[in-house]
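Chain letters run A, B, ... following the sequence lines, proteins first and then strands; every chain starts at 1.
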Amino acid sequence: MTDAAAGPARGEEMVQLLDATGARRAHPDHDVHLEPAEALEVLRDLVLLRRLDAEAEALQRQGELGLWAGSRGQEAAQVGAARALRRQDHVFPSYRDHGFLLARGVDPLHLLSLFRGVDHGGWDPVEHGVHPYTLVIAAQMLPAVGYAMGVQRDGAVGTGDPARDTAVVACFGDGATSQGEAAEALNWAAVYNAPVVFLCQNNQWAISEPVRQQSTVPLHRRAEGAGVPGVLVDGNDVLAVLSVVRSALERARSGGGPTFVEAYTYRMGAHTTADDPGRYRDAAEVDAWREKDPIDRFRAHLRAEGVLDDAFEERLAAEADAFAERLRAGVQDMADPEPASMFEHAYAEPHPQVVAERDEFLAAWARHEQDEQHATAGRDR
Amino acid sequence: MTDAAAGPARGEEMVQLLDATGARRAHPDHDVHLEPAEALEVLRDLVLLRRLDAEAEALQRQGELGLWAGSRGQEAAQVGAARALRRQDHVFPSYRDHGFLLARGVDPLHLLSLFRGVDHGGWDPVEHGVHPYTLVIAAQMLPAVGYAMGVQRDGAVGTGDPARDTAVVACFGDGATSQGEAAEALNWAAVYNAPVVFLCQNNQWAISEPVRQQSTVPLHRRAEGAGVPGVLVDGNDVLAVLSVVRSALERARSGGGPTFVEAYTYRMGAHTTADDPGRYRDAAEVDAWREKDPIDRFRAHLRAEGVLDDAFEERLAAEADAFAERLRAGVQDMADPEPASMFEHAYAEPHPQVVAERDEFLAAWARHEQDEQHATAGRDR
Amino acid sequence: MERMPIAKAINAGLRAAMERDPRVLLMGEDIGRLGGVFRVTDGLQKDFGEDRVLDTPLAEAGIVGTALGMALRGYRPVCEIQFNGFVYPAFSQIVTQLAKLRARSRGRLSVPVVIRMPAGGGIGSVEHHSESPEALFAHVPGLRVVYPSSAHDAYWTVQQSIASADPVLFLEPERRYWEKGDVDTALAPGEVTSLHRARVLRSGTDATVVAYGPTVKLALDAAAEAAEDGTQLEVVDLRSISPLDVDTVTESVRRTGRLVVVQEAPLSHGTGAELAAQVTERCFYSLEAPVKRVGGYHLPYPAARVEEHYLPTVDRVLDAVEQALAA
Amino acid sequence: MERMPIAKAINAGLRAAMERDPRVLLMGEDIGRLGGVFRVTDGLQKDFGEDRVLDTPLAEAGIVGTALGMALRGYRPVCEIQFNGFVYPAFSQIVTQLAKLRARSRGRLSVPVVIRMPAGGGIGSVEHHSESPEALFAHVPGLRVVYPSSAHDAYWTVQQSIASADPVLFLEPERRYWEKGDVDTALAPGEVTSLHRARVLRSGTDATVVAYGPTVKLALDAAAEAAEDGTQLEVVDLRSISPLDVDTVTESVRRTGRLVVVQEAPLSHGTGAELAAQVTERCFYSLEAPVKRVGGYHLPYPAARVEEHYLPTVDRVLDAVEQALAA
Ligand SMILES: Cc1ncc(C[n+]2csc(CCOP(=O)(O)OP(=O)(O)O)c2C)c(N)n1
Ligand SMILES: Cc1ncc(C[n+]2csc(CCOP(=O)(O)OP(=O)(O)O)c2C)c(N)n1
Ligand SMILES: [Mg+2]
Ligand SMILES: [Mg+2]
């Protein structure tokens, strides 16, 4: 068994509110109480997110998507963190943060269109408060800090008005922490005391590289070096993540500055559908993490609390099926973009080179159509 | 008085072997004993370095140099560190590390040629074990780590052979620690356990920006976040610097891995001769640091120890005068490079574009010379 | 009409933009208290405060990356890169984020960031302070690249760049910072030449010399010298590198039949190449000679004491003109 | 003669170089255990060990910067950048350090670093995986840029690049990785085409089509199609972008009188522009038509489902040929 399966380094305290069996644990600084209805909503979010993943993976296998970057195993980290957000907060996701999109009301078809190759993400970043997915590792982090600096300048920090005070979340992986830009982002956030939460989903792997190849230091300690307090949380414990991220967001909104949250979790699937993890990691490691499944754990907790019953499970299963069906149908119906639409948004104001190229393109297109018509007409005659 | 004058943050222990008056202080981990002859050599290095600075500044004022980046105030940090080096070690300096060049036997005229604009530094990096000055902030740090990784691969670490085991020094300033590449360099050094010493001369200023605008955390703590142990040393105490850097180099050579040394010092002069520090810092701050002058302090120590007497001072003053005279004469005699020499070293193997351009250049040159001759001939007639 | 050096004109342009629009912010190293190493931002922090004129940590990716984030929040940040050679740590933010965000979001996001930097050589400086990176930006779709040559243009184009909804790389001819020119600060918006139009600075019939930024003065000097020998050169100041105003250039070349492009950057894959390709395509039958290019050599920028031989000179421009005329 | 796909040919070339010279090292993300996302380094870590095939932290500046340092210590590092869109964090190391160190040290230092990266589009990928950055490197003095199109060339040019004392950007046509070709691995050193020579792949009389990397196949397909209509196209594979083998191209154009350049990169300030400028200058009187360029549009690379419309196609090449012939 490799070190990733063994859990965080010795001596590193990890916030946990549910143990691996789903039993509730006390923590001196963290606690969270969910009303039954909300607890079931959380379960629903977890289940739908996993279903999205399964469905997208299948669609990719069928050739309907070009690629898929799965979130399986990381549901609690994403759903827990997303639930801590307020309407006015803004999220800068990586490319695997589907849980945030669902939580922010983004139609998942606007996400699948990205992986189908129809666009680079079809949602409205302003409406949903979710930036487009960023594929260049760590490149969303500095913009997130800058956005937070803008929030400060708007006077939307520390007013005490819960509808006004705003925080920003920057999502990224363990591998991302090696990028120079990540260090710059942490430092800037500290220097400007920006209202930003750095949410690192340490899923133990950056494609084929285990986290020990990225760092000799636990990731949240790196942040402390940069002046940003770090917290380690069990990323497979949705309650712990919710509580830790909620505190961090509250701190940011109130003017307390940035926090780095390391959500210790695991990428259960391949890096993407183009990846073959069999080449680099042991099944035993994956099996060990399966024991810590975030959804099973939360389910067990809810059962033990008497909040969850079979009837709800059935309704949820039916909802998930319908959800999956909608995704399948939606993707299959998704039209390719109009070719000439690619010319539309390169610049806000016309750029003569683009204009000339578009005109040329359209002329060639028209010629081509004419040729086709001639050909067809010829055949008809 | 600004924070830079007050010394390091409270609670930060700084290694010191000489107090501001030059009195010897004990330290649990550090001690250094210099034979009188070596102690006087150290003084000589300090004095000549300061003289180099004064002379270069004057030459710049006279128009003989295009620019000068002064080292005044930082002599102990440079001379102390340089003295800890072994022959086989390799240094990656910044643009202000003149003390290293002198210590490594580089003819200072090969340095002044850079600031005159004759070349980018005339010394042989291999012969002297000193890389060319790097002007892009922090850009020498990753190459230094890579060089150290090469040293490892050569088996020149941890053999116990003092003539073989090799360490690398990367020099940079406080401002440099903000660059993403600096963070990457620290991390790589930790991950590969590279035999490198990061020597940060925290001279309190990056041009007009005080160090608090770069970081909320003492600089050596940032390194610890990246997995590299950090030590804070009084950079105006040549003995402390020597001892701390010597330990760090020994650790690197023996396979113990990288260390980050923050030498807490002060840039007494302008950033460069193009700078006007009166625009951004108080005279009071400079005055406060003048009290901590590294050369006065070491001199007082040597006097107190009875090592230094007036006779030596006189000889040293005469040597410094001769040194200065040689610099002045050398710079004034320095010829401009042959224009066509610029074509020589862009590529190791001929590049047709360069070849064509050189030929064209030479042809134009020849034409021009001919025209001149004609013109002269015409005038003669 | 006010007479001022280019550095001062940019300062005045920044001030006007900041007064007009509270969302305009300046970010960079040493731009506040010091006023920038060239004093282009002199006095602005004092007048607009530290919240609008930010002395940033020493990290160019940080400057551009956070500027981008502020732009997403509705601000209009103007970044200063202290010297052109230090823009590369920010290259990934510029090329992969700034240039693409509008297209990536299908027009939903705007990132009106301006990145100012001194460019070009001839100031006797040490390494990395004298290069001309315009081609690297002009090759990247999604960016605009502007390079004024005079105080008047500097004053106006910096304001137009800030007003642009697209990201703009704004290059400043560092060796001309202290050259004075008349600035008409009282123009009405409609009277200002548009941001991406080239301008004919001198009419001539024998050949067209196109220049931009620091080489404009060179072209004008060459034209004056040529006129003494009876050769009438038309001088066009490009003013903008992306987009290129090829219409103005071709219009001129159709009349003169000859084109020389003068740049400081190395020729290969440079602006002269692009102009040569486009102008030749459009004016194939009116060109009497192939387009000649005069530029920096394909060498890392040399030491200061050789740079006068590296950079284009009036003589080299005239040589090229002569060759064009001889063809 | 062995038949193998390009990815395999590069793998074999790397292996040969590593066997020949123990100073050759590979560095990159996921190149060890995984063998690289395209499996180009498959099996090499197993055979040469972790000290010679390094799975590095996820930091491109780190990869190139430390490679440079290792080169200074006498090693010959070959870096892999996982996809072309991720080279930009390393841009400062490449442009300000790698390209300049030889000149800076007046020839005393060599930095024989090779930077390999998959380039070009057409693989239906997500953002940043499909661009063509060759012009950005070709504009930078001190670098060499190589872009093979066939398995045979890939096998040999990767070895020649490693042997070069200068830094080389080595672009690999990612959409051709699995296309097979005959590789003659048994050539003697003197028999191998030199690294920077262009190669005439098909002779023709009516027009010259110059291509490189992924567009070579396109040019050959276009030539085949044109031949059916009686038009004989000469196809030249550039193989190297810096330096450009302009001699071979002009020699061809002198015979055909017409030139079409096909690239995937946007046209502005691209390789087609440079060729157009140089060839027109050299062949002004033998050119019967202006040089035509076919390339990517001046747009951020579009989503995968549109890329076939963004990239040059056989039809667009033939259109350009037709226009050249009509002129
Ligand atoms: C700058 C950059 N370099 C390389 C890549 C290729 N790449 C894509 S994902 C990935 C691994 C990322 O690992 P991590 O940050 O842990 O995120 P995870 O995929 O595990 O969520 C790599 C190397 C990239 N996208 N961007
Ligand atoms: C990448 C980069 N950005 C900006 C500069 C311009 N610059 C030169 S020196 C300097 C300040 C450096 O401060 P520090 O690292 O503390 O070193 P010091 O000059 O104090 O020795 C700056 C901003 C540069 N050389 N390189
Ligand atoms: Mg990961
Ligand atoms: Mg400093």
Original post:
For C:Glu50 and A:Arg153, which heavy atoms make the closest approach, and how far apart are they?
Top reply: O-NH2, 4.5 Å
**OP:** Let me know if C:Ile63 has heavy atoms under 4.5 Å from chain A in its side chain, its backbone, both or neither.
**Re:** both
**OP:** Taking all non-hydrogen atoms of both residues into account, name the closest pair between C:Met70 and A:Gly146 and its distance.
**Re:** CG-O, 3.0 Å
Original post:
Can you tell me if A:Tyr347 uses its side chain to pair, donor with acceptor, with the backbone of C:Gly142 under 3.5 Å?
Top reply: yes
**OP:** Between chain A and each of C:Asp245, C:Val246, C:Leu101, C:Leu143, count heavy-atom pairs under 4.5 Å; write down the option with the most.
**Re:** C:Leu143
**OP:** Only counting residues at least two apart or in another chain, list the ones meeting side-chain contact (heavy atoms from CB on, under 4.5 Å) with C:Glu281.
**Re:** D:Pro290, D:Lys292
Original post:
Which answer fits A:Ala156, side chain, backbone, both or neither, if we ask what part of it has an atom under 4.5 Å from a heavy atom of chain C?
Top reply: side chain
Original post:
Hey, which residues of residues 190-201 of chain A are touching chain C, say heavy atoms under 4.5 Å apart?
Top reply: A:Val191, A:Tyr192
Original post:
Measuring heavy-atom distances to chain C, does A:Ala139 have an atom under 4.5 Å in its side chain, in its backbone, in both, or in neither?
Top reply: both
**OP:** Please flag which part of C:Ala61 lies under 4.5 Å from any non-hydrogen atom of chain A: side chain, backbone, both or neither.
**Re:** both
**OP:** Taking atom CD of A:Glu338 as the centre, report whether more than 12 heavy atoms of other residues, nucleotides or ligands fall under 6.0 Å from it.
**Re:** no
Subject >> Residues in side-chain hydrogen bond (donor to acceptor under 3.5 Å, both in side chains) contact with A:Arg253, at least two apart in sequence or another chain >> reply: A:Asp89, A:Glu250
**OP:** Using non-hydrogen atoms and a 4.5 Å limit, figure out which bit of C:Ser110 sits close to chain A: side chain, backbone, both or neither.
**Re:** neither
Original post:
What are the two closest heavy atoms between C:Arg104 and A:Pro132, and how far apart are they?
Top reply: CD-CB, 3.8 Å
**OP:** Could you tell me which portion of C:Leu109 (side chain, backbone, both or neither) has an atom closer than 4.5 angstrom to a non-hydrogen atom of chain A?
**Re:** side chain
Original post:
Taking atom CZ of C:Arg102 and atom NE2 of A:His345, what is their separation to the nearest 0.5 Å?
Top reply: 8.5 Å
Original post:
Who are the side-chain contact (heavy atoms from CB on, under 4.5 Å) partners of C:Arg23, not counting sequence neighbours?
Top reply: C:Asp21, C:Tyr75, C:Arg76
Original post:
What part of A:Pro337 is in contact with chain C, defined as an atom under 4.5 angstrom from a non-hydrogen atom: side chain, backbone, both or neither?
Top reply: neither
Original post:
Do you know which two heavy atoms are closest between C:Gly62 and A:Glu184, and how far apart they sit?
Top reply: N-OE1, 2.8 Å
**OP:** Pick whichever of C:Lys100, C:Arg144, C:Gln97 has the most heavy-atom pairs under 4.5 Å with chain A.
**Re:** C:Arg144
Subject >> Partner chain C: residue of A:His131, A:Gln140, A:Met342, A:Gln353 with the largest heavy-atom pair count (under 4.5 Å) >> reply: A:His131
**OP:** Using atom types as modelled and distance alone, determine if a side-chain donor or acceptor of A:Glu349 lies under 3.5 Å from a backbone N or O of C:Ala165.
**Re:** yes
Original post:
If we ignore angles and hydrogens, is there a donor and acceptor under 3.5 Å between the side chains of A:His351 and C:Ser242?
Top reply: yes
Original post:
Is it the side chain or the backbone of A:Glu344 that comes within 4.5 Å of chain C heavy atoms, both, or neither?
Top reply: side chain
Original post:
Where do A:Asp154 and C:Arg73 land on the salt bridge (charged side-chain N to carboxylate O under 4.0 Å, His left out) test, with the steps shown first?
Top reply: CA-CA 9 Å; A:Asp154 289 345; C:Arg73 184 76 190 182; 2.6 Å; yes
Original post:
Which residue out of A:Tyr133, A:Phe92, A:Trp123 racks up the most heavy-atom pairs below 4.5 Å with chain C?
Top reply: A:Trp123
Subject >> Least distance between heavy atoms, A:Pro125 atom then C:Arg108 atom >> reply: CD-CD, 3.7 Å
Subject >> Between C:Pro167, C:Pro57, C:Ser105, the one whose heavy-atom pairs under 4.5 Å with chain A are most numerous >> reply: C:Pro57
Subject >> Contacting moiety of A:Val151, where chain C heavy atoms sit under 4.5 Å >> reply: both
**OP:** Could you look at A:His90 and say if it's the side chain, the backbone, both or neither that has a heavy atom under 4.5 Å from chain C?
**Re:** neither
**OP:** Using a cut-off of under 4.5 Å on heavy-atom pairs, state which of A:Gly122, A:Gly150, A:Gly121 scores highest against chain C.
**Re:** A:Gly150
